Amino acid sequence: MIQIMFGKGSKFRSIVRMKCPQCQKGNFFKGHPYNLKKMGEVKESCEQCDLKYAVEPGFYQGSYYVSYGLGVGLFIVLWILKIIFLPNLTYLSTVISMVVSLILLAPLLLAFSKIIWINIFVNYDSGTQK
């Protein structure tokens with residue numbers, strides 16, 4: 001089970017490592033998610049298998065839905081952690097901690113939303129190596 005989830009060819013591996021969904025070797029982004037000059041910039045194509053990342057104009061607009069889901073998931077996790085570890089935290093402090101967490105994790109959520117979005121449409125293919 002773990003080999004299926006984390007092994008070569010799994011979508012989870014491509015997402016976590018932010019690699020090309022087709023060959024899982026080439027980098028997907030031009031820079032690190034927290035590199036503010038290149039934040040969220042996707043490469044034109046994979047340097048290993050030549051997969052064109054921009055499938056069509058406006059392709060990554062669909063990743064906004066994924067980003068929304070990730071943001072909601074983040075708030076749910078923070079709320080559960082608040083209930084378990086800080087049950088006496090005031091409502092205002094909870095809201096402030098959620099907003100600060102969202103601001104700090106926004107570049108990572110943007111990157112994950114784009115890599116998840118392309119992984120929905122592109123499958124791993126071991127025969128695409130140069």
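Just so you know, these numbers come straight off a predicted model, no measurement behind them. Just so you know, these numbers use all the heavy atoms, side chains as well, and skip hydrogens, waters and symmetry mates.
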Worksheet item: From Cys23 SG over to Asp125 CG, what is the distance, rounded to the nearest 0.5 angstrom?
Response: 9.5 Å
Practice prompt. Considering non-hydrogen atoms only, spot the tightest contact between Phe112 and Val16 and give its length.
Written response: CE2-CA, 4.3 Å
Discussion item. Please enumerate all residues that pass side chain to side chain donor-acceptor pair (under 3.5 Å) together with Ser93, with sequence neighbours excluded.
Written reply: Thr90
Discussion item. Quick check: closest heavy atoms across Cys46 and Tyr53, and the distance to 0.1 Å?
Written reply: CB-OH, 3.3 Å
Worksheet, complete the sentence: So side chain to side chain donor-acceptor pair (under 3.5 Å) across residues 63-79, not counting sequence neighbours, yields none
Discussion item. Does anything in residues 103-119 form a side chain to side chain donor-acceptor pair (under 3.5 Å)? List the pairs, not counting sequence neighbours.
Written reply: Ser14-Asn119
Worksheet entry | Approximate separation, where rounding is to 0.5 Å, of Met39 CE and Tyr34 OH | 10.0 Å
Worksheet item: In terms of hydrophobic clusters joined by side-chain contacts under 4.5 Å, are Ile84 and Val77 together?
Response: yes
Fill in: Distance in Å, Leu70 CG paired with Leu74 CG, rounded so as to fall on 0.5 Å steps
9.0 Å
Worksheet entry | With Asn35 via side chain to side chain donor-acceptor pair (under 3.5 Å) - residues at least two apart | none
Worksheet item: So how far is it from Leu89 CG to Lys82 NZ, rounded to the nearest 0.5 Å?
Response: 6.0 Å
What side-chain donor-acceptor pairs closer than 3.5 Å can you find for residues 102-111, not counting sequence neighbours?
none

Fill in: Between Phe121 and Phe59, ring centroids under 6.0 Å
yes
Item to complete: Scan for salt bridge (charged side-chain N to carboxylate O under 4.0 Å, His left out) pairs involving residues 26-35, sequence neighbours excluded, and state none if there are none.
Response: Lys30-Glu41
Discussion item. Measuring from atom CD1 of Ile15 to atom CD1 of Ile120, what distance do you get when rounded to the nearest 0.5 angstrom?
Written reply: 8.0 Å
Item to complete: Give a yes or no on whether Val100 and Leu81 share a hydrophobic cluster (residues Ile, Leu, Val, Met, Phe, Trp, Tyr; joining criterion: side-chain heavy atoms under 4.5 Å apart).
Response: no
Discussion item. Could you tell me if the side chain of Glu47 sits less than 4.5 Å from the side chain of Asn27, heavy atoms only?
Written reply: yes
Worksheet item: Is the closest side-chain heavy-atom distance between Lys11 and Ile116 below 4.5 Å?
Response: no
Worksheet item: Quick one: does Cys20's side chain get under 4.5 Å of Tyr124's, heavy atoms only?
Response: no
Discussion item. In the structure I gave you, are the side-chain heavy atoms of Leu86 and Ser97 within less than 4.5 Å of one another anywhere?
Written reply: no
Item to complete: Could you tell me whether Glu44 atom CD has more than 12 heavy atoms of other residues or ligands within 6.0 Å of it?
Response: no
Worksheet entry | Nearest-0.5 Å distance, CD of residue Gln22 to NZ of residue Lys52 | 14.0 Å
Fill in: Side chains of Val42 and Ile115 in contact at under 4.5 Å (non-hydrogen atoms)
no
Practice prompt. Measure the shortest side-chain to side-chain distance between Arg13 and Gln24 over non-hydrogen atoms and say whether it is less than 4.5 angstrom.
Written response: yes
Worksheet item: Would a hydrophobic clustering, with Ile, Leu, Val, Met, Phe, Trp and Tyr connected at side-chain separations under 4.5 Å, put Met98 with Ile80?
Response: no
